[in-house]
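Report on the following structure.
One-based numbering along the sequence shown. All heavy atoms count here, side chains included; hydrogens, waters and symmetry mates do not. Only a predicted model underlies this, so the values are computations on that prediction, with no experimental measurement involved.
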Amino acid sequence: ITVLIVGCPCALILAAPTAIVASIGRAAKSGILVKGGLFLEEAGRANTVLFDKTGTLTEGEPRVDEIYGVAGIEPSEVLARAACVEQNSTHPLAKAVLRAAHYAKITICPVEEMVTEIGRGVRARVQGRLVEVGSGCLAGGDIPEILCSNLENIKENGTTPLLVYEEGRALGVISVADHIRPTARQMVHDLRSLGIEKIGLLSGDHEKAAIPVADSVGVTDAWAGLKPEDKLRMIEDFQAKGEAVIYVGDGINDAPAIARANVGIAMGGVGTDVALETADIVLMRDDISKLPFLIRLSRRTLKTIKWNIAFGLIFNAVAVLASGGGFLSPIMGALVHNIGSVLVVLSSARLVFASEKDGQPSLSE
């Protein structure tokens, strides 16, 4: 009877679930929403971390710096056309255009037939005329020489250009700038100290806007001018080499990459609904500095699960042998059985008190 009592593997059964629940709870206290234990475990196994630029490594609150129009078109007209088309968009660059239009007291007209081309831009009919806002490849029309000069200057300054077309004719270009998150560089430093082999930037912006951001935060690998399908293909290439990939993004353009990565992480504040729905983990406060803590917590969870399993197996084996040898009575066996389960639960509960810093050196150190 005692053997039957102590032979029930409760401690072994509790080994993984208790550790996972404790870790998910601890992550939630730091503003990290983990949608399942599988994703928490995968985060600890990752050896490649890839980032989007706008809204991820940058603050996601860009501002309009300059507006240039072709001959006969005032900058205010260019901004007005762009604001009308962007009024229903959730992209950070669209918000910058709308904010500029608000400060300029521009009246935004209703639009029809609005279409978003992911990775390219937005088009809609404004007062019956087709207006398009986005990258140069959206409309495919010719760009006047003077506008090409402005476009090059914008790229040289490391800002993002938005071209505005009307009926296939370029009207002007809007320069939009964003600021790098203050914690981004320290976050990259912490990831390297955790032994992450590859840290990269996948951006849809032009090279002269993406590379300076990568250099500023300490990312050595950066790819620019990528469409959503390009990001998806690159992640698949990494995975084909046997690498476990974490991808961090915020927008509609990032949704395919977030879904394909081993662990997809979305920014909870600036992120779009599609990105949040697709993501496995969400940084609710947009605090990208929590990423190293998430990986450390995941690794500690995996170690705790392994320890719990080993303890549960050894404890049950010893209890069964002791029961079979007559050293334990049924009542003692019941007590020993519950002691083993309680010890496993206490071992997992330690994860609730995991420190965010955990002895990680800062850049100054």
Item to check | CD1/I331: more than 12 non-hydrogen atoms of other groups inside 6.0 Å | outcome: no
Next on the checklist: With a 4.5 Å cut-off on side-chain heavy-atom distances among I, L, V, M, F, W and Y, is there a chain of contacts connecting V219 to L194?
Outcome noted: yes
Checklist entry - Does NZ belonging to K303 count more than 12 external heavy atoms closer than 6.0 Å? => result no
Item to check | Donor-acceptor pair between T304 and R300 side chains, under 3.5 angstrom | outcome: no
Checklist entry - If we only count heavy atoms from C-beta on, is the Q239 to V245 side-chain gap below 4.5 Å? => result yes
Checklist entry - Which heavy atom in V78 sits nearest to a heavy atom in Y68, and how many Å separate them? => result CG2-O, 4.1 Å
Item to check | Hydrophobic cluster identity match, L12 and L14, side-chain contacts under 4.5 Å | outcome: no
Item to check | Exercise: identify the closest heavy-atom pair between A22 and V352 | outcome: CB-CG2, 3.8 Å
Checklist entry - Taking the side chain from R123 and the backbone from L130, do they hold a donor-acceptor pair closer than 3.5 Å? => result no
Checklist entry - If every non-hydrogen atom of G37 is compared with every non-hydrogen atom of I20, which pair is closest and at what distance? => result CA-CG2, 3.6 Å
Item to check | E229 atom CD: more than 12 heavy-atom contacts under 6.0 Å | outcome: yes
Checklist entry - Taking all atoms of both residues into account, what is the closest heavy-atom pair of V164 and A82, and its distance? => result CG2-CB, 4.0 Å
Checklist entry - Is the backbone N or O of D205 less than 3.5 Å from a side-chain atom of S203, with the two atoms forming a donor-acceptor pair by type? => result yes
Next on the checklist: Apply side-chain contact (heavy atoms from CB on, under 4.5 Å) to residues V173 and L162 and explain how you reach the verdict.
Outcome noted: CA-CA 5 Å; V173 61; L162 289 177; 5.8 Å; no
Item to check | Short side-chain to backbone donor-acceptor contact, N253 and P228, under 3.5 Å | outcome: no
Item to check | R81/E166 ion pair, N-O < 4.0 Å | outcome: yes
Checklist entry - Which pair of heavy atoms, one from V188 and one from G218, lies closest together, and at what distance? => result CG1-O, 3.8 Å
Checklist entry - Any chain of hydrophobic side-chain contacts (each under 4.5 Å) joining V263 to L191? => result yes
Item to check | From CA spacing to verdict: side-chain contact (heavy atoms from CB on, under 4.5 Å), L201, V217 | outcome: CA-CA 10 Å; L201 172 66; V217 301; over 6 Å; no
Item to check | E112 with R125: basic N within carboxylate O range, under 4.0 Å | outcome: no
Checklist entry - Counting N and O atoms only, with roles assigned by atom type, does the side chain of S298 sit under 3.5 Å from a partner on the main chain of G44, one being a donor and the other an acceptor? => result yes
Item to check | Side-chain heavy atoms of R181 within contact of D286, under 4.5 Å | outcome: yes
Checklist entry - Can you check whether I5 reaches P330 side chain to side chain, under 4.5 Å on heavy atoms? => result yes
Checklist entry - Under 4.5 Å between any side-chain heavy atoms of L57 and I288, yes or no? => result yes
Checklist outcome for this item: When rounded to the nearest 0.5 Å, the distance separating CD of Q186 from OG of S193 is 8.5 Å
Item to check | Verdict with supporting geometry, E41 and T301, side-chain contact (heavy atoms from CB on, under 4.5 Å) | outcome: CA-CA 8 Å; E41 294 180 35; T301 302; 5.6 Å; no
Checklist entry - Should R26 and L351 be marked as a side-chain contact (heavy atoms from CB on, under 4.5 Å) after you check the CA-CA gap, both sets of side-chain angles, and the distance that decides it? => result CA-CA 7 Å; R26 176 62 188 90; L351 294 167; 5.6 Å; no
Checklist entry - Does L343 offer a backbone N or O that forms a donor-acceptor pair with the side chain of S347 under 3.5 Å? => result no
Item to check | Point-to-point distance, once rounded to the nearest 0.5 Å, from CG of L163 to CG of N150 | outcome: 10.5 Å
Next on the checklist: Are L79 and I154 linked, directly or through intermediate hydrophobic residues, by side-chain heavy-atom contacts shorter than 4.5 Å (ILVMFWY only)?
Outcome noted: yes
Checklist entry - If you draw a 6.0 Å radius around CD in E167, do more than 12 non-hydrogen atoms from other residues or ligands fall strictly inside? => result yes
Checklist entry - Atom CG of L328 and atom OG1 of T2: how far apart are they, to the nearest 0.5 Å? => result 7.0 Å
Item to check | Min side-chain heavy-atom separation E59-P182 under 4.5 Å | outcome: yes
Checklist entry - Under the criterion side-chain contact (heavy atoms from CB on, under 4.5 Å), which of I258, L291, V282, D280 is the partner of I265? => result L291
Next on the checklist: Using salt bridge (Lys or Arg N to Asp or Glu O under 4.0 Å), reason through D178 and K53 one step at a time and then give a plain yes or no.
Outcome noted: CA-CA 10 Å; D178 201 356; K53 182 180 78 70; 5.9 Å; no
Checklist entry - Roughly how far, to the nearest 0.5 Å, is CZ of R260 from CD1 of I235? => result 8.5 Å
Checklist entry - How long is the span from the CD atom in E197 to the OG1 atom in T48, to the nearest 0.5 Å? => result 6.5 Å
Item to check | L40 side chain reached by L294 side chain, heavy atoms, under 4.5 Å | outcome: yes
Checklist entry - Would you say the side-chain atoms of Q87 pair up with the backbone N or O of C109, donor to acceptor, closer than 3.5 Å? => result yes
Item to check | Check: H337 and C8 side chains under 4.5 Å, non-hydrogen atoms | outcome: yes
Checklist entry - Are M187 and F293 linked, directly or through other ILVMFWY residues, by side chains that come within less than 4.5 angstrom of each other? => result yes
Next on the checklist: Could you measure the distance from the CD1 atom of I73 to the CD1 atom of I67? Nearest 0.5 Å is fine.
Outcome noted: 13.0 Å
Checklist entry - What are the two closest non-hydrogen atoms of C10 and S341, and how far apart are they? => result CB-OG, 3.4 Å
Checklist entry - Does a side-chain heavy-atom distance below 4.5 Å link V336 with F315? => result yes
Item to check | Short N-O contact, R233 and D230, less than 4.0 angstrom | outcome: yes
